[in-house]
Every structure is written in structure tokens, then in C-alpha cells.
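Here is the structure we will look at, set down as C-alpha cells.
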Protein chains: 2
Amino acid sequence: MLDSNAPSAALAAPHLDAWFAQPDGSTGEDIESQLLRLGLPRKLVHRKDTLFRPGQSKSALYLVRSGYFKTSLLSEDGREKVTGFRMRGDLLGLDSIGLSHHACEAVALDVGEVIELPHALLSARVPGFQMWLAATMAREIRRDWEWMLATSTLGAEQRVIAFLLDLADRQRALGYSGEQVMLQMTRAEIGNFLALQLETVTRALSHLDVVGLIAVDRREIRILDTGALRAMIAGERGLH
Amino acid sequence: MLDSNAPSAALAAPHLDAWFAQPDGSTGEDIESQLLRLGLPRKLVHRKDTLFRPGQSKSALYLVRSGYFKTSLLSEDGREKVTGFRMRGDLLGLDSIGLSHHACEAVALDVGEVIELPHALLSARVPGFQMWLAATMAREIRRDWEWMLATSTLGAEQRVIAFLLDLADRQRALGYSGEQVMLQMTRAEIGNFLALQLETVTRALSHLDVVGLIAVDRREIRILDTGALRAMIAGERGLH
DNA sequence: CGGATAGTTGAGCCTCGTCAAAAAGCGTGG
DNA sequence: CCACGCTTTTTGACGAGGCTCAACTATCCG
């Protein structure tokens, strides 16, 4: 649901445009594997480790190699908003490009590993890095907008469904089953992300379990009827 | 409210990093005025003109020179979400960088003018363009997140206040008064953006008028007590 | 084993959405 | 210039979805 990329033909364009014409993944993996070959500094994290905080001076982006992270925004008066859950292949710190300090917070939800990407260095040394970065940021913007659409037009249960299907899709894209989803985050964090209370998330999960569309076992969710679930967010629009 | 850039010292960094170290505006105006001097193609638009639609093949970004635009996302099943209102200095089409086709829609709310920015050309010819673009995209991401925070933690009236203050701030940044805001969009569009119904927007505006914090005259809003308004979104957190 | 964290479930209430009707603007053409 | 139709806005009444508060259970970790 989350990526509305037109899966169109990659145009045979002059080299500079090569990137912009790419639908999504192909050249991306090129750049990504280039980055991996560069022997950039790696960093191991444990559950609840904070990778960076708002206001902290920023030196690099982080590319997630393994594990799960949440990024969140904090307001002065204590409100918090989880802006996304990140997994392998995602970039952390995109939002603070152009700033000398981080604007959001990134916390590990599990043990994991990230690679530091010093943009200045990479911009100079890796041809196409800038393009890749811009394309990645654009994808982040589209994701954000999709979720804005979801939270403002879908009811509580529909949002939870969209969340589960999104996780499943992303897991599938990484080579996992997609039938089974292990939630690395608390109900409260899911609720925060979806603009719901944790009790509402619980109730939605319980209800979907009762009607047999998913099987909930603690944080392990088995998706039993993808078709029906998809129909529930595409069909009747919005609340009601 | 919307831009949480640290107004910190611009570090004396190696040239490549110059951009990333910039807090926000200074070098940006450099690039922007460079762009203006290039004699890039301009385009005049009328009220309700569509600059681009989802699926339409994309050739360039658009820099707003005058007028007001809304950008919105459309889902297959007809749901719509206004993703932002854009004015002078804003870029249209950022979200579809890396795609060959547009992912969202941009419509003029008034007569206006835009400049076409062909990224391939500019990336090659204007040094620092890529950096500027990345910084601009990052700012868009931060804005989006701020609004996600707002819509998920603030009550209806607070969201409307945040919206008015944001408009006022942006107008002030462009050299206008900031006391007076002319809404170029309908109540329905405001509501869509804020995840509210149009009736709720109307009620919020009416109420704020009654209590004397703003003066509503059709689409002309006069902000009478900025301090009190700011307190209402920073003070008591969220709903209730 | 015991304290803390996380999740579940219930009951009541409140904000905001829904439906409806009317007023006010606004553009258009006679 | 005014009449007409359309869009936009306002206001009211009502109901419901989800939030709040609260109690209880399960789980994790030292």
C-alpha cells in the first residue's frame, strides 16, 4: 500500500537522468552494494539504545543493516510522535539533512547494526549518491503522505489493518514470509504512530483475531486472510 | 511552529559540507537567486489550473514565484488528502523525484507563476543544486512530521490555531504583515489538511472569533492575540 | 520470587462526525 | 443591473467512535 511508484519502463535517458528515471529498486541496490563495499564504520546497538537525539550534533546518516528502529519527533511541551518504524535498507536521519543537529530521535527496538554514511565523503566519492539520496528522501515523503491519508481517512480498525499489511509487505520485500509478522514495538508505540490510543489498538487486534482474519499471540501476528483485510481498507471509505 | 531548525552557528566546514552545515536560509537564497538568473521557463496559472496530476509524466520541479497552490494525494478508492499549501519559495513535485511520473496533484488556488526546474540540467550546471534540493526535501519531511504530530496530538480547535499561526508565520517570512491572513482555500480543504470536517473548521473559527482571539471576515482572518493562541497549543497537551 | 512493564477488557463520557437546512457569496447571462 | 444557479459557509441537533479511567492479568528480568 505504501509505495505508489509507477512501475513503468526505465527510460533510456542520458546518464544524469538515469537515476530519476528508475522506478525504484534496481539501481538502488547498486548504490547500496557500493556503499557496503566501502568499509564504512559500523555500529552495533542493543534494544533501547538511542542512536541519536534531537539537538545532538549530526555527523552522518545511518543505513539500517539489521534490527528495527523507531524514529520519533518530540515537541517542547512533551508531546511525542512516532514518525516511523525502520528496518533493513531504511535510512535514519534523512530529516535532518541540511541541519547541523538532529531534529528527531532514533531508538533501537531490538539488537541491530547500522552503517554510518558520511554524506560529504560519499557525495564526493560515490557517483550517483546524491541522486540516490534524493530518490530515497522522496520515497520517505510519499510514505509520510500515505500515512497522513490513512490516519485521516480510515477508522481505527482499518488503520491497524493497514499497519499490519504494511509491515508484512516490507518483510516480504526483505525476503521473509509476509504471513507472519513479529511486532517489535509496544501497542502504545503502534497507537502513537497511527494516532490511536493503545487500548484502541489492543481492541482492534482482539477483534480481528475473534473474527478470524488474524491470529494474535502476544507480539506475533499471523495474517490469515490478506484479501479480506485489503478489502476492509479499500472498500467502504473512511469511518463508517 | 513548523520549522524546528537549530539556529546554530554555521560551521566552517570543507566546501562539500558547507551546505549540510547551513542552518537554513542563507545559502538557500544564493541558490534560489542563481536559479532565477538562469532564465528558466516560466509558467502562468489561473485559479483551479492543475499543474500536474498523479500518473502524468514528469519533466521538472516547479518553484513557486507567486500565487498559492495545494498539493494532494489521491487513493484509488477516491479518498483524497491535501498534503500541503504552497506559496512563494516552495517547491512542487519534490515527492516524485526518482520517479518518471508524478505521484501527487498540484492545483493553483489563485493566479500565480512558477518556474520550471529541470533537475538533470541543474544538477550538472549549478554547483550545490543537489545539496540545496536535499536540504529542501529534508525540510519538507520535517514539516510533514510536525503536522503529523499536530493532527495526532491536538484537538480540533488547536489544529485550526496551529494552521492559522503557520500561515501567518510563512506570510511574515515573505515580508507580509502576519497579523492578517487571507485564506486562499475553502474550509473543506483546510479540514482535509487538518483531518477535520469542514463544519468543525467553521465552528472552530466561529468560536475563536466569538472569544475575541481572531476576527473572521469571510476568508480574511485577523489574528488579534497571538500570545493567547500560541498558549492554547503549547499549554494543555492534546485533547482535553 | 517480586517489581516493573506490557497487554487486555469493561464502563461511561465527550469530542467530533453526520445529517439537514438555510444563509451568504459569487459568477454568469439575459 | 438584477435574476438565477452554484458553491461555500454557517448553525443546529443528534449519535457514535474512540478516549479516559480503572481494574485485572500476563510477561519479562533481575
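Residue numbers start from 1 in every chain, and the chains themselves are labelled A, B, ... in the order their sequence lines are given, proteins ahead of strands. Just so it is clear, the model here is predicted, and its values are computed rather than measured.
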Just so I know, are the side chains of B/L91 and B/V64 near enough to count as touching, which here means a heavy-atom distance under 4.5 Å?
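No, too far: nothing below the 4.5 Å cut-off.
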Using atom [atom1] of [X] as one end and atom [atom2] of [N] as the other, report the distance to the nearest whole Å.
X: B/E157; N: C/dT15; atom1: CD; atom2: C1'; value: 12 Å
X: A/M185; N: C/dA6; atom1: CE; atom2: P; value: 14 Å
X: A/R159; N: D/dG17; atom1: CZ; atom2: C1'; value: 10 Å
X: A/Q197; N: C/dT15; atom1: CD; atom2: C1'; value: 13 Å
X: B/H207; N: D/dG12; atom1: NE2; atom2: P; value: 13 Å
X: A/I221; N: C/dT8; atom1: CD1; atom2: P; value: 8 Å
X: B/R187; N: C/dG25; atom1: CZ; atom2: P; value: 12 Å
X: B/K48; N: C/dG27; atom1: NZ; atom2: C1'; value: 10 Å

Between A/A195 and A/R218, whichever has its closest DNA chain D nucleotide further toward 5' is A/A195
Select base, sugar-phosphate, or nothing to describe what [X] touches, counting heavy atoms under 4.0 Å on all strands.
X: A/T186; value: sugar-phosphate
X: B/A204; value: nothing
X: A/R219; value: sugar-phosphate

Would you call B/R65 and B/E32 a salt bridge, using N to O less than 4.0 angstrom?
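Looking at B/R65 and B/E32, the cut-off is not met.
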Would B/R79 and B/D77 pass as an ion pair if we require N to O under 4.0 Å?
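Here B/R79 pairs with B/D77 in a salt bridge, since their nearest N and O are under 4.0 Å apart.
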Over 12 foreign heavy atoms within 6.0 Å of [atom1], [X]:
X: A/R222; atom1: CZ; result: no
X: B/R219; atom1: CZ; result: yes
X: B/R47; atom1: CZ; result: no

Ignoring hydrogens and angles, are the base of D/dC21 and the side chain of A/E199 linked by a donor-acceptor pair under 3.5 Å?
yes
Would you state whether a donor and an acceptor, one from the side chain of B/R203 and one from the base of D/dG12, lie under 3.5 Å apart?
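Yes, the side chain and the base share a sub-3.5 Å donor-acceptor pair.
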Need the bend value for the helix from C/dC1-D/dG30 to C/dG30-D/dC1: angle between end axes, 5 pairs each end, nearest 10°.
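One end's axis against the other's: 50°.
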Between the side chain of A/T153 and the main-chain N/O of A/L149, is any donor-acceptor distance below 3.5 Å?
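Yes, the answer is positive, given that a donor and an acceptor are paired below the 3.5 Å cut-off.
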Report yes if at least one side-chain N or O of A/S206 is closer than 4.0 Å to OP1 or OP2 of C/dT8; otherwise report no.
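No, no such contact exists.
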Nucleotide nearest A/T200 when distance is taken to its side chain, options C/dA6, C/dG25, D/dC19:
D/dC19
